[in-house]
Participant: 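Dropping a structure here in structure tokens format, bear with me for questions.
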Amino acid sequence: MIDIKLLRNDPDIVRENIKKKFQDDKLPLVDKVIELDKEYRDSKTRAEYLRSQRNKISKQIGFFMAQGNKEEAEAAKAEVKAMQDELESLSSKEDTLAEEIRKIMLVIPNIIDPSVPVGKDDSENVEIEKFGEPFVPDFEIPYHVDIMEKLNGIDLDSARKTSGNGFYYLKGDIARLHSACLSYARDFMIDRGFTYYIPPYMIRSGVVDGVMSFAEMENMMYKIEGEDLYLIGTSEHSMIGKFIDAQLDESELPQTLTSYSPCFRKEVGAHGIEERGVYRIHQFEKQEMIVVCKPEDSKKWYDILWKNTVDYFRSLDIPVRTLECCSGDLADLKVKSCDVEAWSPRQKKYFEVGSCSNLGDAQARRLGIRIKGENGNYLAHTLNNTCVAPPRMLIAFLENNLNEDGSIRIPEPLRMYMGGKSVIEVPAK
RNA sequence: GGAGAAGUCGCCUAGCCUGGUCGAGGGCGCGCGACUGGAAAUCGCGUAAACCCCAAAAGGGUUUCGAGGGUUCGAAUCCCUCCUUCUCCGCCA
């Protein structure tokens, strides 16, 4: 959500930004909100005047009552009653307008960073940099489910029976590998100075409303029946939620946090949920990074964050690249974002394994995340990034560390989490 | 799950029964100043946020006493709902 003052003072900046994002249908909203804002402030000013009159007279009534001057008191009461109608209608008008304005402000996109490439949709996202050689071995790489099954590491049939499509049982060394990747990611981030968190896995509707749009909520969040609770779709939800209406001291910044959680997503209408495997699923686990910082530091943190993910994947011998989101593909709340994509030697292409976002002050404005400064308060900047999110990440891991006989190499950093193993062997039948 | 008690301005606390002089007293902390050679102590002053009006500054105003609603001319104070914390009982990894 952008600052309405920017829209009042420099509507052209906002219009230009909307055009860059190819959302021309939203252009009329700029004038619409300026008009509503004017109307809102007019009725607010009038209502505040009436309230101040009422307060003044009410004080007088108290004074008359104390004197026992009933007649004067009754006369004053009548005076207040006379303006009650106007005040009431103005108040409700004020509320209605404020609500309307907020609704529009929520869909007016955040001002994107000048460095963001202009493009219409995801086909125009821009590759920034490759890390590691995208290597294709001279033997055939099986589909990830087949790799896992050969290692006796997955049971999709049982999962369909107990929970339906989009769920899975991982077992044996594959399950252990899954946990190992997360444990390693946890320690990897702690070593880089982040504070480890285990957050609540369910949050109240009030928090859900704050951290996502209604459409997202409908398509993503599982609701607990009979409770005001939702299963989180990512730990960002609970981690950012904890800062709602916070006033942070400058000395507490930056907050550099890394959180682990299972993630639950309905994936309504999402492409690929019906596909067999663990690429798009209703339940996965994720080690996440969250940064709350001063405005001048957010660009720096953005680069630190995505590089962490690249370093993590490179330490596991997985080639990756960064793909920058172009203006048209960038979510409305974001200033800048990029995906970290892992190499798939089977498909001979990269696929998304993580996403790094700088939200500027937009999220903070919406949620009231403020910093107490020397000369008054100001809004914080917020960022988030995926460190690793298995089991999707296992697809890249298995394909890139597969030997021709079907066994899996365990890169050095992971071995201590795998009981010292350097290879996962194919079990004898 | 049951029974009680409580949530006030950075922290602690007064006010709630008996609604008006309470945006709110006191203490601590913090800031500035006086005193001092310097400091401690002491004394004095100050000490929230969001928003609106005003070209700006000065100034004025509205809202906020856990959250939301209600009663009233007027609510920290009365009523309802919810959230949170503490104590006791029960249950359970």
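Each chain gets a letter, A, B and so on, in the order its sequence line appears, and its residues count up from 1. What's counted below: heavy atoms across the whole structure, side chains too, no hydrogens, waters or symmetry copies.
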Participant: Salt bridge or not for A:Lys19 and A:Asp24, using N-O below 4.0 Å?
Facilitator: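 No, A:Lys19 and A:Asp24 are not salt-bridged.
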Participant: Between A:Asp155 (side chain only) and A:Ser158 (backbone N and O only), is there a donor and an acceptor less than 3.5 Å apart?
Facilitator: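 Checked: pair present.
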Participant: If we take the P atom in both B:C43 and B:C54, what is their distance in whole Å?
Facilitator: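 Roughly 46 Å separates the two P atoms.
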Participant: Closest approach to the side chain of A:Thr45, judged atom by atom: which nucleotide of B:C53, B:A49, B:U62 is it?
Facilitator: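 Per side-chain heavy atoms of A:Thr45, the pick is B:C53.
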Participant: Give me the distance, rounded to whole Å, that separates B:C79 from B:U85 when you measure between the P atoms they each carry.
Facilitator: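 Comparing P positions in B:C79 and B:U85 gives a spacing of 24 Å.
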Participant: In terms of side-chain geometry, is the basic nitrogen of A:Arg192 or A:Asp311 positioned less than 4.0 Å from the acidic oxygen of its partner?
Facilitator: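 Yes, A:Arg192 and A:Asp311 are salt-bridged.
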Participant: For the pair A:Arg186 and A:Asp191, find out whether any cationic side-chain nitrogen is under 4.0 Å from an anionic carboxylate oxygen.
Facilitator: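 Result for this pair is no, no salt bridge flagged.
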Participant: Would one find a side-chain N or O of A:Asn55 under 4.0 angstrom from OP1 or OP2 of B:G74?
Facilitator: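 So the side-chain polar atoms of A:Asn55 never come under 4.0 Å of the phosphate oxygens OP1 or OP2 of B:G74.
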Participant: Could you work out the separation of B:U71 and B:A14 based on their C1' atoms and round it to a whole Å?
Facilitator: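 To the nearest whole Å, 27 Å.
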Participant: Does B:C52 have OP1 or OP2 under 4.0 Å away from a side-chain N or O of A:Arg8?
Facilitator: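 The answer is yes; a side-chain N or O of A:Arg8 sits under 4.0 Å from OP1 or OP2.
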Participant: Between A:Glu48 and A:Arg51, is there a salt bridge with N-O shorter than 4.0 Å?
Facilitator: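 Not counted as a salt bridge, because no side-chain N and carboxylate O are separated by less than 4.0 Å.
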Participant: Using whole Å, report how far CG of A:Leu379 lies from C1' of B:A50.
Facilitator: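 Rounded to the whole Å, the gap is 11 Å.
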Participant: Taking the P atom of each, how far is B:G7 from B:G66, in whole Å?
Facilitator: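 Rounded to whole Å, the distance is 8 Å.
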Participant: Could you check which nucleotide pairs with B:A3 in any of the strands shown, counting Watson-Crick or G-U wobble with both distances under 3.5 Å?
Facilitator: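 Partner of B:A3: B:U87.
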Participant: Can you see whether A:Lys266 engages A:Asn219 through a side-chain donor-acceptor pair at a distance of less than 3.5 angstrom?
Facilitator: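 Judged by distance alone, the side chains do not pair up.
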Participant: Got a list of protein N/O to nucleotides 18-21 of chain B N/O distances below 3.5 Å?
Facilitator:
residue	atom	partner	partner atom	Å
B:G20	N2	A:Ser58	O	2.8

Participant: Which nucleotide sits closest to the side chain of A:Glu48: B:C52, B:A50, B:C73?
Facilitator: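 Nearest listed nucleotide: B:C52.
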Participant: Determine the interatomic distance between P on B:C78 and the same-named atom on B:C65; round to the nearest Å.
Facilitator: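 After rounding to an integer number of Å, I get 14 Å for this pair.
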Participant: Hey, are A:Lys223 and A:Asp228 close enough for a salt bridge, meaning a charged N less than 4.0 Å from a carboxylate O?
Facilitator: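 Not counted as a salt bridge, because no side-chain N and carboxylate O are separated by less than 4.0 Å.
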Participant: P atom, B:G20 versus B:G1: distance in rounded Å?
Facilitator: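 Their P atoms lie roughly 38 Å apart.
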Participant: B:C53, OP1 or OP2 - any side-chain N/O from A:Arg41 closer than 4.0 Å?
Facilitator: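 For B:C53, OP1/OP2 do have a side-chain N/O of A:Arg41 under 4.0 Å.
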Participant: Grab the OH-C1' distance between A:Tyr40 and B:A50 for me, whole Å please.
Facilitator: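 Checked: the OH to C1' distance equals 10 Å.
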Participant: State the pairing partner of B:A67; accept Watson-Crick or G-U wobble contacts with both distances under 3.5 Å, and report none otherwise.
Facilitator: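 Per the H-bond distance test, B:U81.
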Participant: From the set B:C73, B:C52, B:A49, return the single nucleotide nearest to any side-chain atom of A:Arg370.
Facilitator: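 Nearest to the side chain of A:Arg370 among the choices is B:A49.
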Participant: If you measure from the C1' atom in B:G10 to the same atom in B:A49, how many Å do you get, rounded?
Facilitator: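 My reading of the C1' atoms in B:G10 and B:A49 gives 13 Å.
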Participant: Strictly below 4.0 Å: does A:Arg204 bring a side-chain N or O up to OP1 or OP2 of B:U84?
Facilitator: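 Answer is yes, contact under 4.0 Å.
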Participant: Please name the residue in the list A:Thr309, A:Leu383, A:Ile304, A:Asn384 that meets the side-chain contact (heavy atoms from CB on, under 4.5 Å) test with A:Met289.
Facilitator: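 That would be A:Thr309; it is the only one of A:Thr309, A:Leu383, A:Ile304, A:Asn384 passing the side-chain contact (heavy atoms from CB on, under 4.5 Å) with A:Met289.
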Participant: I'd like to know if A:Asp157 and A:Arg160 make a salt bridge, using a cut-off of under 4.0 Å between side-chain N and carboxylate O.
Facilitator: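 A salt bridge is present here (some side-chain N lies under 4.0 Å from a carboxylate O).
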Participant: If the C1' atom of B:G23 is compared with that of B:A50, how far apart are they to the nearest Å?
Facilitator: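 One C1' to the other, the span is 15 Å.
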Participant: Quick one, which residues of residues 81-105 of chain A touch RNA chain B with a heavy atom under 4.0 Å?
Facilitator: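 Hits under 4.0 Å, by residue number: A:Lys81, A:Gln84.
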Participant: Would you call A:Asp146 and A:Lys150 a salt bridge, using N to O less than 4.0 angstrom?
Facilitator: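 Looking at A:Asp146 and A:Lys150, the cut-off is not met.
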